[in-house]
Amino acid sequence: MIPYPDIDPVLFSLGPLSIRWYGLMYLVGFAAAWWLGVCRARKSNGLWSEEQIGDLVFYAAIGVILGGRFGYVVFYNFDHFLRDPLWLFRVWEGGMAFHGGLLGVLVAMYLFGKKQGKSFFQMTDFIAPMVPLGLGAGRIGNFIGGELWGRVSDAPWAMVFPTDPSQLPRHPSQLYQFFIEGVVLFSVLWWFSSKPRPRMAVSGLFLIIYGLGRFIVEFVRQPDEQLGFIAFDWLTMGQLLSTPMIILGVAFMVIGYSKYPLVNGQNQDDLAWLKQHPAAKNGLKK
């Protein structure tokens with residue numbers, strides 16, 4: 001068993017105001033997304049300007065926060081919400097869910113895309129490689145906060161989390177998710193998106209890798225206490241919500257490669273957009 005590095009979840013306090021590591025990880029994720037977005041914009045041949053990235057990240061941040069909270073309340077604590085509807089707005093009490101945050105980001109990208117004259121999948125293909133570093137940072141925040149730990153284990157790297165009432169050695173599932181969602185997902189998507197790909201392909205690959213990774217990790221992650229297993233004595237809510245992601249990801253890849261194949265190594269959807277927006281090549285599209 002490895003000793004848990006007991007780090008104070010509160011980074012520092014200023015009077016009544018406390019800055020927690022988990023909140024800092026959100027800022028790290030948004031900053032990383034902005035930096036990666038600027039890097040991608042510089043290599044987009046006029047499809048994106050650096051000036052657009054700040055607004056894009058702002059829309060995405062609002063989507064993450066609102067969607068993440070909504071998803072946590074509806075997917076994982078709906079009974080609590082029915083008893084106390086105003087709990088939805090008490091975000092300081094904690095509670096965010098990735099799948100809700102994903103839905104929030106998708107809505108935000110649709111709205112921002114409408115403003116910029118870009119299609120939904122233009123938006124998602126561009127932003128997908130910018131997301132994993134934020135996901136990985138969030139899992140580090142979960143680990144420091146001693147939350148979302150794994151199931152009881154006798155693995156030599158198991159840990160006893162101070163927030164666990166049973167004080168039993170458990171899988172550090174937050175670190176497993178950090179590796180899959182942060183390291184693996186980022187590495188594959190950044191490589192895959194570095195060259196022109198058919199429309200929908202980058203989005204599809206994101207859904208497949210995240211969905212499969214989350215589905216697998218759920219076998220060693222402790223189910224949410226208020227839900228437990230929701231079917232077959234093994235299926236968790238995380239697995240249920242990840243299954244459509246995998247199916248949609250495969251469908252997006254198939255449709256992308258069959259309906260939007262590259263021509264002479266170029267994404268024809270992007271080229272068509274540039275022809276319709278010639279000012280974008282000069283960075284005039286704001």
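As the structure is a prediction and not an experimental result, all values here were calculated from the model.
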With a 4.5 Å cut-off on side-chain heavy atoms, are [Y] and [X] touching?
X    : Y    : answer
V74  : F81  : no
S193 : R40  : yes
L36  : F186 : yes
M130 : L56  : yes
D6   : I144 : no
S242 : E218 : no
L207 : I246 : no
V160 : L168 : no

Would you say the side-chain atoms of [X] pair up with the backbone N or O of [Y], donor to acceptor, closer than 3.5 Å?
X    : Y    : value
Q268 : V263 : yes
S258 : I255 : yes
Y260 : A201 : no
N264 : Q266 : no
R197 : F192 : yes
Q239 : T236 : yes

*Audit row: Y22, N142, side-chain contact (heavy atoms from CB on, under 4.5 Å) steps and yes/no*: CA-CA 7 Å; Y22 187 71; N142 293 146; 3.2 Å; yes
*asked:* What I want to find out is whether D125 reaches R199 closely enough, with some N-O distance under 4.0 Å, to be called a salt bridge.
replied: yes
*Starting from the C-alpha separation in whole Å, work towards a yes-or-no answer on side-chain contact (heavy atoms from CB on, under 4.5 Å) for Q122 and D270.*
CA-CA 8 Å; Q122 264 186 299; D270 285 341; 3.7 Å; yes
*asked:* Quick check on ring-ring contact (aromatic ring centres under 6.0 Å, His included): which of F120, F126, Y59 does F112 satisfy it with?
replied: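 Checked F120, F126, Y59 against F112; only one passes ring-ring contact (aromatic ring centres under 6.0 Å, His included): Y59.
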How about [X]: does its [atom1] atom have over 12 heavy atoms from other parts shown lying under 6.0 Å from it?
X    : atom1 : value
W35  : CH2   : no
F219 : CZ    : yes
Y176 : OH    : yes
F30  : CZ    : yes
D8   : CG    : yes

_Classify the ring geometry of F161 against F143: parallel below 30°, tilted from 30° to 60°, perpendicular beyond 60°._
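Perpendicular, since the angle between the ring planes exceeds 60°.
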Answer yes if [X] and [Y] sit in the same cluster of Ile, Leu, Val, Met, Phe, Trp and Tyr residues linked by side chain heavy atoms under 4.5 Å apart, and no otherwise.
X    : Y    : result
L133 : V188 : yes
L248 : Y257 : yes
I65  : L88  : no
M237 : F78  : yes
L106 : F58  : yes

When rounded to the nearest 0.5 angstrom, what distance separates [atom1] in [X] from [atom2] in [Y]?
X    : Y    : atom1 : atom2 : result
T163 : L148 : OG1   : CG    : 9.5 Å
I19  : F12  : CD1   : CZ    : 5.0 Å
D269 : F121 : CG    : CZ    : 11.0 Å
E50  : I53  : CD    : CD1   : 8.0 Å
I180 : I209 : CD1   : CD1   : 10.5 Å
L135 : R139 : CG    : CZ    : 7.5 Å

Of all heavy-atom pairs between [X] and [Y], which one has the smallest distance, and what is that distance?
X    : Y    : result
W234 : R151 : O-NH2, 4.5 Å
G63  : A108 : CA-CB, 4.3 Å
C39  : W190 : CB-CH2, 4.4 Å
G150 : S173 : N-OG, 3.2 Å
P198 : G256 : CB-O, 3.3 Å
V10  : S13  : CG1-OG, 3.6 Å

*Q52 and its side-chain hydrogen bond (donor to acceptor under 3.5 Å, both in side chains) partner, picked from K115, Q116, K118*: Q116
*Between S119 and W273, does any side-chain donor sit less than 3.5 Å from a side-chain acceptor?*
no
_Is it true that Q174 and R221 share a donor-acceptor pair across their side chains at a distance under 3.5 Å?_
no
*Would you sort out whether M159 and R170 count as a side-chain contact (heavy atoms from CB on, under 4.5 Å), showing the intermediate values?*
CA-CA 5 Å; M159 297 179 180; R170 296 179 178 274; over 6 Å; no
*asked:* For H171 and W149, I'd like to know if the aromatic rings sit close, meaning centre-to-centre distance below 6.0 Å.
replied: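 That pair fails the under 6.0 Å test.
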*asked:* Test side-chain contact (heavy atoms from CB on, under 4.5 Å) on M253 and L205; report intermediate values, then the result.
replied: CA-CA 7 Å; M253 294 284 282; L205 189 59; 4.2 Å; yes
